[in-house]
> 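Dropping a structure here in structure tokens format, bear with me for questions.
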Amino acid sequence: MLLWNLVRGILPVGYCLHRKIPSFDPLCMRCEAPVETTIHVFRDCPNSSAFWSLLFNHLAPPGFDFHSFFNSSPTDRLCFNLTNSFTWKTIFVVGIWHLWNTRNMAVFENKMLFLNSTFNKFWVDYHHTLNLKQGQAAGSSSSTDSITRKWAPPHKGHFKLNTDGSWMALDNAGGGGVMRCEKGLWQVGFAINFNAMSAAAAELLAIKEGLLIVWARDIKQLELEIDAEALKMMLEDPDAFKNHDLGNAISDVVSIICRNWKVSIFHVNRSINCVADKLAAMGRSKIRRGEISLFHYPPAELFQDYASDIPEMVAI
Ligand SMILES: [Zn+2]
């Protein structure tokens, strides 16, 4: 219905309403452009173009022509998008739907959604739609896939931090991690490059960095998930490891854990920790010596891993 109205140019955007009711102000409520046309809502409003740019970074099909997307007429573009691959069609339709919702929230509820929220909502729906379609195509109503590999979101009211280290040598080491909310959605991620004496030291440095990032966001209940079982034991009983090589690094991390918040530590298999694992590899191999990168959106190279971690029935 939305697409139908869009093609026929009769969506109730500011411009159309103003033509029917001259006293109606056609202004865009999101960016205050003087006239809100259909193309403004879905493409030209800074909020919408930022959304598409973010989406293209992650999901544009191979050979996708950015120029024709941004410069063709609305009808041409719609035809282009709808004749493209199934995946792109799904992305496009779900994207349009979320832009329309975001616009309506601004107009009717006076709520400006952050790009991050629109994108996360889009992503959950897109992923869900795709799973549904693939399930239908395979003629099955249940997916065994979802039980073979399971990252689970944290308990209600908690955030979850997954961290990992990546180590080859003292000067070829790094760490990474991601914090997600109880719906499994990306909040912040990092990749860091540092010197570390051993793989375990790299793990600890990654945990420390991750905890500091989360602490700075004023989170009060955190689940820390790591794939090194020995470290979990050390962090839970630091006194027993005082004279260990890693004694200082352990007490550093423990002093952060003991601040005024609740941190529970969990051990998971490496395959379940794969988003953090990839961030750590990125920290070791792609980040400049001694530097850190923060990611407010999942980086393209691990987007699929992040996506498959999102629970299917997440309610927004
Ligand atoms: Zn606008």
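Ligands are counted one by one from 1 in listed order, and the atoms in each one are counted from 1 as well. For the numbers below, each heavy atom of this structure counts, side chains included, while hydrogens, waters and symmetry mates do not.
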> For a quick check under 3.5 Å, do W151 and N162 share a side-chain donor-acceptor pair by atom type?
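Yes, N162 and W151 have a side-chain donor paired with an acceptor closer than 3.5 Å.
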
> Once salt bridge (charged side-chain N to carboxylate O under 4.0 Å, His left out) is applied, what residue pairs with a partner in residues 185-213 remain, sequence neighbours excluded?
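Every pair satisfying salt bridge (charged side-chain N to carboxylate O under 4.0 Å, His left out) with a residue in residues 185-213: K208-D252.
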
> Is D309 paired with R180 through a side-chain N to carboxylate O contact shorter than 4.0 Å?
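Result for this pair is yes, salt bridge flagged.
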
> Indicate yes or no for a side-chain donor-acceptor contact from N193 to the backbone of R284 under 3.5 Å, with no hydrogens or angles considered.
yes

> Can you run down the salt bridge (charged side-chain N to carboxylate O under 4.0 Å, His left out) pairs that involve residues 222-235, sequence neighbours left out, and say none if there aren't any?
K160-E225, K232-E236

> Would you list the protein N, O or S atoms within less than 2.8 Å of the Zn ion (ligand 1), leaving out water?
C28 SG, C31 SG, H40 NE2, C45 SG

> Return a table of donor-acceptor pairs under 3.5 angstrom between the side chains of residues 288-295 and protein atoms on other chains or two or more places apart.
unit_1 : atom_1 : unit_2 : atom_2 : d
R288   : NH2    : E291   : OE2    : 3.3
R289   : NH2    : D171   : O      : 3.3

